[in-house]
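Just below is one structure, and these are the notes that go with it.
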Amino acid sequence: MNDCIFCRIINKEIPKEFDFESDSLVVFPDINPSAELHLLIVPKNHIIGMADLTRNHGDLLVEIYNVVNKLVKQNNLEENFYRVVVNGGKAQHVPHLHFHLLGGQWKRMV
Ligand code: 5GP
Ligand code: ZN
């Protein structure tokens, strides 16, 4: 999707360092962090939102949570506050499915 900001980041049209990349997803920091650690876990396929998920996305969802667990360990968050958030409806501002990993001190709601 040409006009999708996350597709443009994934396609490297916008330079961005990825914290993690696999065949199916990328991880990069949120530009306007709501917590001490605020990473976005973004599937490479342009899935608009939660409502567009089907059984075929089962492996992708397991991979996303496996990556989240890895990032939690890497950032020593196991015994700290962390949360995974997926916004929908009017709470979702970028129409490309993404998971927020928030950890440590909170600044505001995502
Ligand atoms: P949503 O409200 O859709 O769940 O969250 C979208 C998130 O994407 C927001 O937290 C916002 O700060 C972040 N965001 C929007 N545009 C960009 C961008 O160009 N680069 C990065 N790294 N994050 C972005
Ligand atoms: Zn997209």
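Residue numbers start at 1 and run along the sequence shown. In listed order, ligands and their atoms are each counted from 1.
- Short contacts between ligand 1 and Ile5, defined as distances under 4.0 Å to a heavy atom of the residue, involve ligand atoms 19 (O).
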Practice item. List the steps and the verdict of salt bridge (charged side-chain N to carboxylate O under 4.0 Å, His left out) for Glu21 and Lys44. Key: CA-CA 9 Å; Glu21 179 172 13; Lys44 285 186 174 175; 2.9 Å; yes

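- Across all their heavy atoms, His57 and Asp52 have their closest contact at CE1-O, 3.6 Å.
- Of the heavy atoms in Phe99, none comes closer than 4.0 Å to ligand 1.
- Across every non-hydrogen atom of Cys7 and His46, the tightest pair is SG-ND1, 3.4 Å.
- Between the SG atom of Cys4 and the SG atom of Cys7, the angle taken at the Zn ion (ligand 2) works out to 120° after rounding to 10°.
- Looking at ligand 1, you won't find any N or O of Ile9 less than 3.5 Å from one of its N or O atoms.
- Nearest heavy atom pair, residue Ala35 against residue Gly103, reads CB-O, 3.7 Å.
- Atoms of ligand 1 found under 4.0 Å from any heavy atom of Asn32, numbered from 1 in the order shown, are 12 (O).
- The local environment of OH in Tyr82 is sparse, with at most 12 non-hydrogen atoms from other residues, nucleotides or ligands closer than 6.0 Å.
- Short contacts between ligand 1 and His100, defined as distances under 4.0 Å to a heavy atom of the residue, involve ligand atoms 1 (P), 4 (O), 5 (O), 7 (C), 10 (O).
- Summary of contacts: the protein heavy atom closest to atom 15 (C) of ligand 1 is Val94 CG2, 4.0 Å.
- Each of the following atoms of ligand 1 lies closer than 4.0 Å to a heavy atom of Asn87: 1 (P), 2 (O), 4 (O).
- Considering only heavy atoms from C-beta on, Val42 comes within 4.5 Å of Ile10 through its side chain.
- Counting heavy-atom neighbours within 6.0 Å of Gln105 CD, excluding the residue itself, gives a total of 12 or less.
- In this structure, Leu102 and Val85 have side chains that are in contact, with non-hydrogen atoms separated by less than 4.5 Å.
- On a distance-only criterion, Phe28 and ligand 1 share no N/O pair closer than 3.5 Å.
- Looking only at protein heavy atoms, the nearest one to atom 10 (O) of ligand 1 is Asp30 OD2, 2.5 Å.
- Within 6.0 Å of the CZ atom in Phe20, the count of heavy atoms belonging to other residues, nucleotides or ligands exceeds 12.
- Counting heavy atoms under 4.0 Å from ligand 1, residue Ile31 touches it through both backbone and side chain.
- Using a 4.5 Å cut-off between side-chain heavy atoms of Ile, Leu, Val, Met, Phe, Trp and Tyr, with links allowed through other members, Ile41 and Val86 fall into the same hydrophobic cluster.
- A distance of 8.5 Å separates NE2 of His98 from CZ of Phe28, quoted to the nearest 0.5 Å.
- Between His38 and ligand 1, not a single N/O pair is under 3.5 Å apart.
- The N/O atoms of Ala91, backbone and side chain alike, include one that comes under 3.5 Å of an N/O atom in ligand 1.
- With respect to the Zn ion (ligand 2), His96 has ND1 as its nearest N, O or S atom.
- Note on ligand 1: Val110 sits outside its first shell, no heavy atom being nearer than 4.0 Å.
- Ranking the protein heavy atoms by distance from atom 22 (N) of ligand 1 puts Pro29 O, 2.9 Å first.
- Closest non-hydrogen pair, Pro43 versus His96, comes out as O-NE2, 2.8 Å.
- Selection from His93, His98, Lys90 by nearest heavy atom to atom 5 (O) of ligand 1 gives His98.
- Nearest N, O or S atom of His46 to the Zn ion (ligand 2): atom ND1.
- Those atoms of ligand 1 with a heavy atom of Lys16 less than 4.0 angstrom away are 20 (N), 21 (C), 22 (N).
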